[in-house]
Amino acid sequence: QVLAMGASEFPGTNQSQLPAVPLELDTITQQLWAGQRFLNQDLTRHNLAEYSRRSVFQIIHLATHARFASGR
């Protein structure tokens with residue numbers, strides 16, 4: 001089982017679009033493994049926490065931009 005989550009659009013930010021993310025998530029959840037898919041506005045902390053708590057996913061795949069900050 002895979003939990004595949006991603007964002008392809010970033011309105012109101014200077015982040016570039018990631019137009020391949022919907023295809024990436026579809027390929028992962030429909031052709032490679034069975035699983036659950038969340039895209040754009042459905043990619044939330046709540047959904048990540050809720051679905052990872054409810055189900056046993058062997059893989060969690062995140063397709064998005066990220067910014068890592070040092071400290072807490």
Side-chain angles (χ1 to χ4, degrees):
Q1 288 280 329
V2 61
L3 176 59
M5 306 180 89
S8 62
E9 303 168 353
F10 306 91
T13 72
N14 63 351
Q15 298 290 337
S16 60
Q17 304 298 306
L18 298 173
V21 168
L23 177 61
E24 179 179 339
L25 298 184
D26 286 343
T27 300
I28 288 169
T29 59
Q30 295 174 13
Q31 296 179 20
L32 300 177
W33 300 285
Q36 186 70 39
R37 166 192 185 274
F38 292 93
L39 179 63
N40 292 326
Q41 57 269 35
D42 294 327
L43 169 59
T44 64
R45 284 184 182 181
H46 173 79
N47 282 342
L48 176 59
E50 184 66 22
Y51 281 85
S52 62
R53 181 181 61 80
R54 270 200 271 167
S55 300
V56 178
F57 291 102
Q58 296 171 327
I59 301 168
I60 296 177
H61 178 88
L62 301 175
T64 186
H65 291 298
R67 182 178 66 134
F68 297 96
S70 62
R72 303 181 93 202

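The first residue of the sequence shown is numbered 1, and numbering continues consecutively from there.
Rounded to the nearest 0.5 angstrom, Q41 CD and N47 CG are separated by 11.0 Å. Distance CD/E9 to CG/L43: 12.0 Å, rounded to 0.5 Å. For the atom pair T29 OG1 and L3 CG, the distance stands at 10.5 Å (nearest 0.5 Å). With rounding to the nearest 0.5 angstrom, the CG atom of N40 is 8.5 Å from the OG1 atom of T64. Separating the CG atom in D42 from the CE atom in M5 is a distance of 8.0 Å, to the nearest 0.5 Å.
Under the side chain to side chain contact (heavy atoms under 4.5 Å, CB included) criterion, R54 pairs with E50, Y51, not counting sequence neighbours.
Considering all non-hydrogen atoms of both residues, A7 and L18 come closest at O-CD1, 3.7 Å.
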**Request:** Would you please test L48 and I60 for side-chain contact (heavy atoms from CB on, under 4.5 Å) and show each step?
**Result:** CA-CA 9 Å; L48 176 59; I60 296 177; 4.2 Å; yes
**Prompt:** Are L25 and H61 close enough, and set up right, to give a side-chain contact (heavy atoms from CB on, under 4.5 Å), and what steps lead you there?
**Reply:** CA-CA 9 Å; L25 298 184; H61 178 88; 4.1 Å; yes
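Hydrophobic clustering of Ile, Leu, Val, Met, Phe, Trp and Tyr side chains at less than 4.5 Å, counting indirect connections, keeps L62 apart from I59.
In the hydrophobic clustering, where aliphatic and aromatic side chains (Ile, Leu, Val, Met, Phe, Trp, Tyr) are joined below 4.5 Å either directly or transitively, V56 stands alone.
Distance alone, capped at 3.5 Å, is enough to place a donor-acceptor pair between the H65 side chain and the S16 backbone.
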